[in-house]
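Below is one structure, written out as structure tokens; the observations come after it.
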Amino acid sequence: GAVVSQHPSWVICKSGTSVKIECRSLDFQATTMFWYRQFPKQSLMLMATSNEGSKATYEQGVEKDKFLINHASLTLSTLTVTSAHPEDSSFYICSAFPGQGRYFGPGTRLTVL
Amino acid sequence: LAKTTQPISMDSYEGQEVNITCSHNNIATNDYITWYQQFPSQGPRFIIQGYKTKVTNEVASLFIPADRKSSTLSLPRVSLSDTAVYYCLVDSNQGGKLIFGQGTELSVKP
């Protein structure tokens with residue numbers, strides 16, 4: 001089956017720094033990828049839709065200047081959390097659609113100190 | 001985007017059959033019903049998908065009545081490793097954004 005990977009699997013950073021999370025589709029091309037955020041004991045919350053070759057579409061309430069998304073190729077989307085603060089600590093999950101079915105990455109745990 | 005409603009939590013014992021029901025009253029004609037399983041600190045994992053009637057695979061069955069306004073995920077003979085959160089979603093399978101509901105936290109006890 002289709003595989004989606006994320007890197008890193010976990011990251012700890014200091015408040016004010018920026019962190020980049022990668023999402024790759026390993027055996028298929030994805031013109032669209034999705035980024036979710038999940039806080040403890042809560043459901044996945046869609047943050048944005050990443051479109052290859054064009055700007056990302058952000059959900060209401062998500063700061064596009066804080067969560068920068070770049071979909072530079074058909075197999076890679078990156079989420080950069082700029083000037084991270086402790087409230088950005090969360091589990092970030094990406095998803096891709098290979099044409100049939102949805103596949104999710106293993107997630108990235110971000111902890112901001 | 002259709003919304004789904006599920007019980008927040010369910011308890012079961014090993015070896016029992018578990019049925020989780022999901023309501024999706026506003027499902028569109030071209031929407032499929034998909035169930036995912038999520039363990040802590042992992043991404044969701046696809047379980048099963050159906051459009052109508054019954055679908056069965058090696059891990060679960062999905063029952064969908066004729067009006068498609070609800071669906072039931074059936075897990076036969078659960079084990080402790082089935083303890084997870086189960087999400088029901090409706091998806092047009094066209095690659096658009098997918099909105100998660102609250103999910104059902106299933107706890108399987110020995």
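Computed from a prediction, not measured in an experiment: that's the story for all the values here. Every chain is numbered from 1 and lettered A, B, ... according to where its sequence line falls, protein lines coming before strand lines.
- Clustering ILVMFWY residues whenever any of their side-chain heavy atoms sit less than 4.5 angstrom apart, transitively, puts A:V81 in the very cluster that holds A:V11.
- The number of heavy atoms from other shown groups lying within 6.0 Å of OH (B:Y13) does not exceed 12.
- Of all non-hydrogen atoms in B:Y87 and A:Q38, the two that sit nearest each other are OH-NE2, 3.4 Å.
- Scanning residues 42-56 of chain A against chain B with a 4.5 Å heavy-atom cutoff picks out A:Q42, A:S43, A:L44, A:L46, A:T49, ordered by number.
- A:I21 is connected to A:V62 through a chain of hydrophobic side-chain contacts under 4.5 Å among Ile, Leu, Val, Met, Phe, Trp and Tyr, so both are in one cluster.
- Evaluation of the disulfide bond (SG atoms under 2.5 Å apart) test over residues 39-89 of chain B, restricted to residues two or more places apart or in two chains, returns B:C22-B:C88.
- Using a 4.5 Å cut-off between heavy atoms, B:Q94 contacts chain A through its backbone alone, with no side-chain atom that close.
- With rounding to the nearest 0.5 angstrom, the NZ atom of B:K97 is 9.0 Å from the CZ atom of A:F34.
- By the 4.5 Å heavy-atom criterion applied to side chains, A:R102 and B:F46 are not counted as neighbours.
- The interface of residues 50-75 of chain B with chain A, defined by heavy-atom distances below 4.5 Å, is empty.
- When heavy atoms are compared at a cutoff of 4.5 Å, B:Y36 approaches chain A solely by way of its side chain, counted from C-beta outward.
- A:K66 NZ: more than 12 foreign heavy atoms inside a 6.0 Å radius.
- Interface residues of residues 105-113 of chain A toward chain B, defined by a heavy-atom distance below 4.5 Å and sorted by number: A:G105, A:P106, A:R109.
- Atoms CG and CZ, from B:N93 and A:F97 in turn, are 5.5 Å apart once rounded to the nearest 0.5 Å.
- When side chains are defined from C-beta on, B:Q38 counts as touching A:I93, because their heavy atoms get closer than 4.5 Å.
- Contact of B:Q49 with chain A is not made at all, since no heavy-atom distance falls under 4.5 Å.
- By the criterion of side-chain heavy atoms lying less than 4.5 angstrom apart, applied directly or through intervening Ile, Leu, Val, Met, Phe, Trp or Tyr residues, A:Y58 is not grouped with A:Y36; the two fall into different hydrophobic clusters.
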